[in-house]
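This one's a predicted model, so the numbers in the text were calculated from it and none came from an experiment. For the single chain, residues carry numbers from 1 onward in sequence order. Scope of the values below: all heavy atoms of this structure, side chains included, with no hydrogens, waters or symmetry mates.
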Amino acid sequence: MSPRLGEDDLIARFFAPLAGPAGLGLKDDAAVMRPPPGEDLVLTVDALVAGVHFFADDPPDAVARKALRVNLSDLAAKGARPLGFLLALALPGDWREDWLEAFARGLGADASAYGCPLVGGDTVSTPGPLMVSITAVGAVPEGRMARRTGVRPGDRLYVTGTIGDAAIGLKVRQGRGPNIAELDQAFLLERYLKPEPRLKLIDAMTAHASGGMDVSDGFVGDLTKMLAASGVSARAPISRLPLSPAARRAIAADPALFEVAATGGDDYELLVSAAPASAPAFEAAAAAAGVPLTFVGEAVEGRRPPSFIGPDGNPVAFARGSYSHF
């Protein structure tokens, strides 16, 4: 058996080929990045831990893609285009070169596809589970970042894509999914493993959005968080929640899954607010960018939690609003 790679050789073999110019070939202790003229830098970080955010036996390329994409989703929610990312990788003692090779291959494919090169990071050993932490850097026109605190009374509230696929997909991954067709199960599992960052929407965000965040911990809870940060409330007809055909069939098979869809995490879709005067242009820009957009409610005065209204016109209560680590 050949000796295991040391840290320097590991970085040179698997990660230096992914580095952009700012990364200096990953031969220095830091990267050098110059803010584009007239733009603000936007920085975000997310950590994924085996057994918490993914399964230890998930495909390594899918783990890498998810780790990068959840950060790109945060940039998209701010209207920021990606500039690069830093990677911190904590490897347990039983790591294998073939696993790391597949991880780097998946990471490199997405870094190239989304125009977000690796610029630096750190690789360490750990007695605990595998951990991947990515810090992404983006740029947004000066003063145009869509903030959580930007929602105003009267704003129209939107969500991209479909909600709940990943949470139901997690049930499928756990072997506790509904009795639905294999094709539907495969779709939901793919949505759990590989979220789609809505970077195509960033121009529409900077031009028209007043507030924004991504849905990582559940639609109900994350909308509540954004409204609370903005000091407003909302009326949100829960029947407007956009569901994929696969999710609808899963909920038809097990109605309890509707609450899972509304409150479960890992959607990585965008919650966006737009002023009434800007809303038509925002909708048109999203359509032109090919990003599905659903109107889900209207922001109103007040600091109370939002009212989620059922088809009968009465408020709907949920046992919990979102996923929480603590």
Side-chain angles (χ1 to χ4, degrees), residues 42 44 46 70 73-80 140 143-164 166-167 198 201 204-243 258-280 282-283 286 291-311 313-326:
V42 178
T44 184
D46 271 298
V70 301
S73 178
D74 277 330
L75 293 183
K78 304 295 105 183
V140 65
R144 289 301 305 156
M145 189 182 86
R147 302 170 184 261
R148 280 196 193 188
T149 55
V151 188
R152 298 293 178 261
D155 279 3
R156 291 173 64 85
L157 303 170
Y158 298 92
V159 69
T160 62
T162 55
I163 294 296
R198 297 296 185 177
L201 201 63
M205 293 289 293
T206 56
H208 308 295
S210 55
M213 69 177 289
D214 76 339
V215 182
S216 56
D217 294 329
F219 171 81
V220 168
D222 284 340
L223 179 58
T224 301
K225 291 173 192 174
M226 186 167 76
L227 295 171
S230 295
V232 298
S233 186
R235 283 179 58 85
I238 200 64
S239 59
R240 291 183 178 272
L241 194 70
L243 300 170
F258 180 79
E259 182 158 347
V260 171
T263 63
D266 282 338
D267 288 311
Y268 298 104
E269 295 291 352
L270 305 188
L271 278 169
V272 186
S273 68
S278 301
F282 178 62
E283 293 175 9
V291 177
L293 195 67
T294 300
F295 169 65
V296 292
E298 182 177 308
V300 298
E301 295 273 6
R303 293 183 172 273
R304 63 191 180 282
S307 296
F308 295 97
I309 309 300
N314 293 318
V316 177
F318 296 96
R320 67 168 194 169
S322 64
Y323 174 80
S324 175
H325 286 278
F326 305 104

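Annotation: side chain of Arg152 is not in contact with side chain of Val232 (no heavy-atom distance under 4.5 Å). Leu270 is listed as a side-chain neighbour of Leu201, based on a closest heavy-atom distance under 4.5 Å. A heavy-atom distance below 4.5 Å is not found between the side chains of Leu157 and Val272. Side-chain contact between Leu271 and Asp222: present, with at least one pair of heavy atoms (C-beta onward) separated by less than 4.5 Å. When side chains are defined from C-beta on, Pro292 does not count as touching Thr162, because their heavy atoms never get closer than 4.5 Å. Between Pro153 and Val300 there is no side-chain heavy-atom pair separated by less than 4.5 Å. The closest side-chain heavy-atom distance from Asn314 to Val316 is not below 4.5 Å. Two residues are said to be in side-chain contact when any heavy atoms from C-beta on lie closer than 4.5 Å; Tyr268 and Ser216 meet this criterion.
In terms of heavy-atom proximity, Gly264 sits nearest to Ala167 at CA-CB, 3.8 Å. Residues Gly211 and Ala146 approach most closely at C-CB, 4.0 Å, considering heavy atoms. Nearest heavy atom pair, residue Ala261 against residue Leu243, reads CB-CD2, 4.3 Å. Ala229 approaches Thr149 most closely through the heavy-atom pair O-CG2, 3.5 Å. Nearest approach of Ser230 to Gly150, heavy atoms of both residues: OG-N, 3.4 Å. Nearest heavy atom pair, residue Leu223 against residue Ala236, reads CD2-CB, 4.4 Å.
One side chain, Ser273 or Ser210, offers a donor N or O that lies under 3.5 Å from an acceptor on the other.
Rounded to the nearest 0.5 angstrom, Glu259 CD and Ile238 CD1 are separated by 10.0 Å. Taken to the nearest 0.5 Å, the CZ atom of Arg303 stands 11.0 Å off from the OG atom of Ser233. Atom CE of Met213 and atom CZ of Arg147 lie 15.0 Å apart (nearest 0.5 Å). Interatomic distance, CZ of Phe219 versus OG1 of Thr263, reported as 11.5 Å (0.5 Å rounding). With rounding to the nearest 0.5 Å, the separation of CZ in Arg148 from CG in Asp214 is 8.0 Å.
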Start with the C-alpha gap between Phe308 and Thr224, add the side-chain angles, then the distance that decides, and say whether side-chain contact (heavy atoms from CB on, under 4.5 Å) holds.
-> CA-CA 10 Å; Phe308 295 97; Thr224 301; 4.1 Å; yes

Do Leu241 and Val296 pass the side-chain contact (heavy atoms from CB on, under 4.5 Å) test, and can you show the C-alpha distance, the side-chain angles, and the key distance before you say yes or no?
CA-CA 7 Å; Leu241 194 70; Val296 292; 5.7 Å; no

| message | As a quick check of understanding, evaluate side-chain contact (heavy atoms from CB on, under 4.5 Å) for Glu269 and Arg198, giving each step before the final call. | response | CA-CA 7 Å; Glu269 295 291 352; Arg198 297 296 185 177; 2.8 Å; yes

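For CZ of Arg144, the number of neighbouring non-hydrogen atoms (other residues, nucleotides, ligands) closer than 6.0 Å is greater than 12.
The backbone N or O of Gly212 lies less than 3.5 Å from a partner atom in the side chain of Lys78, making a donor-acceptor pair. Between the side chain of Asp74 and the backbone N or O of Thr44, no donor-acceptor pair lies under 3.5 Å.
The residues Glu298 and Arg235 are annotated as not salt-bridged, no charged nitrogen and carboxylate oxygen being separated by less than 4.0 angstrom. In summary, Lys225 and Asp217 engage in a salt bridge, as defined by a charged side-chain N under 4.0 Å from a carboxylate O.
Geometric assessment of Arg156 against the ring of Phe295 yields a positive cation-pi assignment under the 6.0 Å and 45° thresholds.
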